[in-house]
**Q** 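Shown below is the structure under consideration.
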Amino acid sequence: MDQTRRAFLKNAALASSALAAAGKLSAQGGGANFQRIAAEETFAIPEFLDAIREFVRQDPDRQPSPVTPLEDAMANALTDLGEGRIATMDAARIDKQILALWSPGVQIFNPQLGRELASLVNDRLAEAIRQYPDRFAGLVTVATQDPASAAQEAERGISTLGLNGILINSHTNNEFLDERKYWPILEAAESLDVPVYLHPRIPPDQIYQGVADYNMEGPLWGFGMETSMHVVRLLMSDVFEQFPNLKIVLGHLGEGVPFWLSRLDVISSTRPGMPATARRPSEYFMDNFAVVTSAMFWDPVFMFVHSVLGPERIMFGVDYPFAPSTPGTTWMDATPISDADKRMIYQENAERIFSL
């Protein structure tokens, strides 16, 4: 039996034990001694939202539209990097948010505008963190449509501004990170020892028609489908042979990929014509990925992911303001796992992975 399979079975056994003890453990969360760090929380700045509105205004009938409609109340919540956001955090007993720019970020703009907005967003984010250093951390926005410049901005954001990771809103111009033109960004992330947060966006043109009906293109289905496809492309390429220490973070408990790891291994190792990767997809995933709970507050799914990945690869997140904070912490506090695991998921993993 290979090591990956042993790890799966061991974690499954631990999860079964945790479920059996659910009644005893579920009451422990409220008084536990740990910080609550939320690792996928969204913000924007007014200039970025204005640029998005202008982009849509110039081509209102574009399909697929790169953005989902945004109501005024949501826009106000996104741009609040002060007392209103902190009051919401306090009500939910969240100690710190790791902030990331609203999808699709600056990746939809022409390279010059993308670079300018990325720099402005990062400066404004760093300013908010300086004002509230105990409450906020953040991810560098990069204009991936100019990979060399994106790598430079990542360096500036991490080394000069003190940010904690790199945000990439999945595909860029219908292309994915396994394409070598984007590898300077991955090289920068590995060199800087910071994770890439691979965040969903509306699917690329080549698969959009399959989700164009029933509002499927966004968070209902298209987001997770698009990002999971991106992840499998990375797993089946030689990205992690080239960058063995690259760390990638996924929201929504892994965008469905943990469910498919065993099948990915079986199919990739038994079917003819598969890419000749040096290791199994699950091995790359276990070594190079971590996941965030963001807006997936459901015990059966959480316990499955916990059983496959172990608590050391899971972080807590809300996906604020697109999901409510207090139900998120209330759910996490009551999950049927030990306080040691909750401490890892709420605090220690985020501190380690994002170098907080």
Side-chain angles (χ1 to χ4, degrees), residues 7-8 10-42 89 92-100 135-137 139 164-165 194-195 197-199 247-259 261 285-320 323-356:
F8 284 177
K10 177 182 178 182
N11 287 331
L14 290 172
S16 297
S17 298
L19 284 168
K24 180 175 70 175
L25 292 173
S26 62
Q28 295 180 4
N33 182 27
F34 44 68
Q35 286 192 319
R36 292 174 175 84
I37 299 171
E40 185 191 322
E41 316 311 312
T42 310
M89 294 165 61
R93 294 169 296 129
I94 290 173
D95 296 281
K96 180 172 285 191
Q97 286 187 346
I98 300 176
L99 298 168
R135 308 308 302 271
F136 297 146
L139 306 182
N164 303 91
V194 296
Y197 204 117
L198 192 64
H199 190 278
K247 300 299 181 186
I248 296 181
V249 178
L250 302 173
H252 314 108
L253 282 172
E255 309 293 356
V257 178
F259 181 86
L261 286 179
F285 196 88
M286 300 290 279
D287 284 350
N288 296 90
F289 285 78
V291 306
V292 178
T293 63
S294 47
M296 296 288 282
F297 309 143
W298 193 29
D299 280 1
V301 175
F302 172 80
M303 294 308 299
F304 171 77
V305 174
H306 183 280
S307 74
V308 173
L309 303 185
E312 67 275 12
R313 297 180 185 87
I314 304 173
M315 291 176 282
F316 174 73
V318 171
D319 202 3
Y320 177 86
S325 296
T326 297
T329 51
T330 300
W331 165 78
M332 188 71 242
D333 285 351
T335 52
I337 58 175
S338 69
D339 276 356
D341 283 4
K342 288 177 185 174
R343 183 180 180 86
M344 278 193 282
I345 292 167
Y346 260 134
Q347 176 181 349
E348 293 174 343
N349 295 338
E351 290 177 333
R352 169 176 51 86
I353 291 168
F354 290 104
S355 299
L356 298 180

**Q** So, using ring pair (Phe, Tyr, Trp, His ring centres under 6.0 Å) as the criterion, who are the partners of Phe302 when residues are at least two apart?
**A** His306, Trp331

**Q** List the residues meeting salt bridge (Lys or Arg N to Asp or Glu O under 4.0 Å) with Asp287, not counting sequence neighbours, and say none if there are none.
**A** Arg279

**Q** How close do Phe136 and Met89 get, heavy atom to heavy atom, and via which atoms?
**A** CE2-SD, 3.7 Å

**Q** Classify the angle between the aromatic ring planes of Phe289 and Phe285 as parallel (below 30°), tilted (30 to 60°) or perpendicular (above 60°).
**A** parallel

**Q** For Tyr346, what residues pass the ring pair (Phe, Tyr, Trp, His ring centres under 6.0 Å) criterion, not counting sequence neighbours?
**A** Phe34, Phe316

**Q** Using the test side-chain hydrogen bond (donor to acceptor under 3.5 Å, both in side chains), find all partners of Glu351 that sit at least two apart in sequence or belong to another chain.
**A** Gln347

**Q** Going by heavy atoms in the side chains, are Lys342 and Ile345 under 4.5 Å from each other?
**A** no

**Q** Could you walk me through whether Met303 and Ile337 pass the side-chain contact (heavy atoms from CB on, under 4.5 Å) check?
**A** CA-CA 9 Å; Met303 294 308 299; Ile337 58 175; 3.9 Å; yes

**Q** Are any non-hydrogen side-chain atoms of Leu309 and Pro258 less than 4.5 angstrom apart?
**A** yes

**Q** Among all residues two or more places apart in sequence or in another chain, which pass the side chain to side chain contact (heavy atoms under 4.5 Å, CB included) test with Asn164?
**A** Ala137, Phe354, Leu356

**Q** Indicate the atoms forming the closest heavy-atom contact of Arg36 with Arg93, along with that distance.
**A** CD-O, 2.9 Å

**Q** Mind checking what makes side chain to side chain contact (heavy atoms under 4.5 Å, CB included) contact with Ala323, not counting sequence neighbours?
**A** Ala295, Val318, Asp319

**Q** Closer than 3.5 angstrom, by distance alone: can the side chain of Asn349 be matched with the main-chain N or O of Pro311 as a donor-acceptor pair?
**A** yes

**Q** Where is the tightest heavy-atom contact between Leu253 and Val291, given as atom of each residue plus distance?
**A** C-CB, 3.9 Å

**Q** What are the two closest heavy atoms between Tyr197 and Ser294, and how far apart are they?
**A** OH-OG, 4.3 Å

**Q** Can you sort out the partners of Ser325 under side-chain hydrogen bond (donor to acceptor under 3.5 Å, both in side chains), two or more places apart, ordered by chain and number?
**A** none

**Q** Spell out, as yes or no, whether a donor-acceptor pair under 3.5 Å connects the side chain of Thr330 to the backbone of Pro327.
**A** no

**Q** Considering all heavy atoms of both residues, which atom of Met315 and which atom of Ala290 are nearest to each other, and what is their separation?
**A** CE-CB, 4.1 Å

**Q** List the residues meeting side-chain hydrogen bond (donor to acceptor under 3.5 Å, both in side chains) with Glu255, not counting sequence neighbours, and say none if there are none.
**A** His252

**Q** Please enumerate all residues that pass salt bridge (Lys or Arg N to Asp or Glu O under 4.0 Å) together with Arg343, with sequence neighbours excluded.
**A** Glu348

**Q** Can you tell me how far the OG1 atom of Thr42 sits from the CD1 atom of Ile98, to the nearest 0.5 Å?
**A** 12.5 Å

**Q** Which pairs pass salt bridge (charged side-chain N to carboxylate O under 4.0 Å, His left out) with one or both residues in residues 301-310, sequence neighbours excluded?
**A** none

**Q** Has the side chain of Arg352 got a donor or acceptor atom that lies under 3.5 Å from a matching backbone atom of Glu312?
**A** yes

**Q** If every non-hydrogen atom of Gln97 is compared with every non-hydrogen atom of Ile94, which pair is closest and at what distance?
**A** CG-CG2, 4.4 Å

**Q** With a 3.5 Å distance limit and no angle check, can you tell me whether Asp95 reaches the backbone of Ile37 through a side-chain donor-acceptor pair?
**A** no

